[in-house]
Amino acid sequence: MQRFVCLILLAAPAWSAGAFFNILDYGARNDASAPATEAIRSAIQAAKAAGGGTVFIPAGSYVSGPIELVSNLTLHIDAGATVRFPAARLPFTEGRQQSIEALTPVPLIGGRHLENVAITGRGVLASDNAEWMKLMPRQKAAGGDPGSANGPNWQHLLELLEIQTPAPREAYLAAAPELRPSFVRTMDSNNILIEGVRFTGSPMWTIHLLYTDNVVVRDVTIETYPGVHTDGIAVDSSRNVRISNCYIDTGDDGIVIKAGKDGDGLRVNRPSENITITGCTVHRAHGAVTIGSETSGWIRNLVASNMTCSGTQMGVRLKSRRGRGGGIENVRFDNWVMDDVGQAINITSYYLMEGEVRREAPEAVSKGTPVFRDIAIGNMSIRRARVAIDIEGLPEMPISGLRISNVVASGKAGMKARHTAGMELHNVQIDAESGPAFLVRDSRELELDHIATRTPLADAPVLRLDRSPGAIVRASRAFPGTGTFLSTGPGELKNIVLEGNVLVSARRPAAEAKADYWKSAEPPTEAEPAGAVK
């Protein structure tokens with residue numbers, strides 16, 4: 001065995017430099033005939049006593065309970081190794097659940113106050129979401145009861161936190177048994193690498209980076225569809241995070257950025273910032289890359305580029321709601337390809353989780369009002385979307401400084417936007433099967449240039465503007481078959497600036513009409529794709 005270990009070390013990359021601890025040497029069985037929990041723990045403690053090193057899980061099948069990591073450690077799951085984590089009641093520890101500080105089950109793999117930790121290899125980490133849901137079911141909506149993402153005690157805790165944060169300790173203790181653990185969670189940690197491993201199934205969030213700085217997640221495969229709340233990679237009030245070259249097929253958001261929820265998030269007030277996401281493929285998720293809805297501590301300085309997504313409910317997804325506070329700023333999405341998505345680009349201040357109720361009427365601006373500003377989205381190819389673009393700000397806090405450029409999209413419906421300030425569209429072509437290709441209302445300082453549809457409809461304008469005075473429409477073209485290019489409400493056309501447009505193919509370049517294109521029927525934002533399991 002010692003000669004075998006030496007040969008591996010000679011060929012190993014730099015991450016495994018130092019002492020080497022094979023779990024078979026600590027009593028693990030590679031046929032899953034007995035739990036490997038104690039053998040893995042002993043190997044980790046031996047590495048800790050040696051000042052650090054690599055705990056090696058060789059090819060074989062293993063069953064384990066939670067694995068607590070220590071600093072200066074590489075946990076390497078070799079090719080051909082599968083470690084399965086059965087559903088079980090676990091001890092509780094301080095953490096966050098849905099970006100709210102709470103008592104949570106310990107993660108299946110992870111720890112707190114970690115430094116210089118890596119989880120690597122080409123092996124498989126497995127768990128069964130359905131088993132966990134039997135132990136900790138969510139409370140579904142019924143009648144006048146809006147339900148809960150977890151259970152009644154969790155919902156009661158959320159209600160208490162609306163009044164006072166933190167809540168009484170007994171409320172956290174009552175809610176804890178209703179919660180499921182993250183698969184991997186690092187908390188209050190620094191210098192973390194997760195590379196190469198494959199996850200199949202997860203109790204809840206798969207990789208949860210909580211209060212963690214300087215993280216790399218790369219070449220990871222996450223296959224948790226259709227698991228409930230099994231977000232692929234969740235960045236939760238963490239900073240300096242680099243995510244690249246991952247494949248994610250999940251029952252919730254693929255890659256999601258969070259920063260605290262509502263009053264509890266405002267109390268903690270820790271941002272997620274300085275994040276890059278590139279070269280990933282996302283399949284069947286709710287959102288391919290999602291920011292929010294937990295925005296209380298602010299999310300800023302993010303770039304998501306070179307992405308492909310297929311069959312997702314959303315592609316680019318930014319979401320919050322009244323009461324969250326904080327916001328999203330200085331983010332960029334660039335160079336995406338999307339096929340068969342629900343809404344390709346979705347930005348909303350009206351997002352609702354289970355157990356939450358929408359409020360339509362305008363409200364006074366407060367610390368709980370979310371702010372969206374300085375968002376750039378560009379260089380995107382979108383095919384067969386249900387809705388190409390959906391933008392929904394608050395009347396008291398419009399989406400500000402949104403710039404969408406170089407987008408070619410096809411879908412059942414085009415672009416809808418309301419309550420925006422300073423929104424710009426540049427070189428955007430949308431071929432919609434129904435309604436206006438571009439539908440905008442209650443917006444100010446609009447600048448639209450080089451917008452078009454190559455599949456104009458005789459019964460719908462290309463562009464409809466309502467209550468959007470001062471809008472500039474320039475350098476745009478009407479293609480043959482266009483009925484009306486620009487439509488406004490009665491008396492509003494005089495407030496629109498038209499410059500350098502080529503509209504000779506339109507029967508009516510611009511016209512006023514009393515019409516409400518917002519009433520067209522459409523499935524709700526959270527509609528499940530065909531074949532999805534709730």
Side-chain angles (χ1 to χ4, degrees), residues 1-88 106-111 114 116-128 181-186 192-203 206-207 216-224 245-247:
M1 177 61 71
Q2 188 64 36
R3 181 174 177 272
F4 173 70
V5 168
C6 289
L7 288 173
I8 290 178
L9 285 173
L10 287 172
W15 49 257
S16 64
F20 189 89
F21 305 88
N22 188 322
I23 65 168
L24 298 181
D25 295 338
Y26 293 84
R29 298 180 182 178
N30 63 2
D31 59 0
S33 60
T37 311
E38 184 59 28
I40 296 172
R41 190 197 69 81
S42 296
I44 289 173
Q45 290 304 308
K48 180 180 180 181
T54 296
V55 169
F56 181 71
I57 301 179
S61 296
Y62 307 89
V63 176
S64 181
I67 297 172
E68 184 177 3
L69 304 178
V70 298
S71 293
N72 304 312
L73 177 77
T74 292
L75 178 66
H76 185 74
I77 303 98
D78 204 20
T82 297
V83 184
R84 185 173 65 84
F85 296 82
V106 297
L108 301 187
I109 301 174
L114 301 174
N116 308 323
V117 166
I119 301 170
T120 66
R122 304 300 294 177
V124 175
L125 299 170
S127 195
D128 187 336
S182 298
F183 206 133
V184 172
R185 186 178 75 195
T186 61
I192 304 297
L193 169 66
I194 303 173
E195 180 180 40
V197 291
R198 177 186 174 201
F199 294 87
T200 60
S202 179
T206 309
I207 297 175
V216 173
V217 181
R218 64 189 179 211
D219 300 317
V220 167
T221 297
I222 296 173
E223 296 170 316
T224 62
N245 303 322
C246 296
Y247 173 79

Set of salt bridge (charged side-chain N to carboxylate O under 4.0 Å, His left out) partners for [X], sequence neighbours left out:
{"X": "E223", "value": "R198"}
{"X": "R84", "value": "none"}
{"X": "R218", "value": "E195"}

Qualifying residues under side-chain contact (heavy atoms from CB on, under 4.5 Å), relative to [X], sequence neighbours excluded:
{"X": "A47", "value": "F21, V55, L73"}
{"X": "A88", "value": "L90"}
{"X": "A36", "value": "A28, I40, Y62"}

Mind checking what makes side chain to side chain donor-acceptor pair (under 3.5 Å) contact with [X], not counting sequence neighbours?
{"X": "D128", "value": "none"}
{"X": "N245", "value": "none"}
{"X": "R122", "value": "none"}
{"X": "T186", "value": "T212"}

May I have all residue pairs that pass salt bridge (Lys or Arg N to Asp or Glu O under 4.0 Å) and include part of residues 47-59, sequence neighbours excluded? none

Passing option when L69 is tested against T74, V117, V184 for side-chain contact (heavy atoms from CB on, under 4.5 Å): V117

Given S202, which of L125, L108, T224, I207 fulfils the side-chain contact (heavy atoms from CB on, under 4.5 Å) condition? T224

Sequence neighbours excluded, which residues qualify as ring-ring contact (aromatic ring centres under 6.0 Å, His included) partners of F199? F183

Please give me the minimum heavy-atom distance between A43 and I23, naming the atom from each residue. CB-CG2, 4.2 Å

Take atom CD of E68 as the centre, draw a 6.0 Å sphere, and report whether it contains more than 12 heavy atoms from other residues, nucleotides or ligands. no

Does S127 reach the main-chain N or O of F85 with its side chain, forming a donor-acceptor pair under 3.5 Å? yes

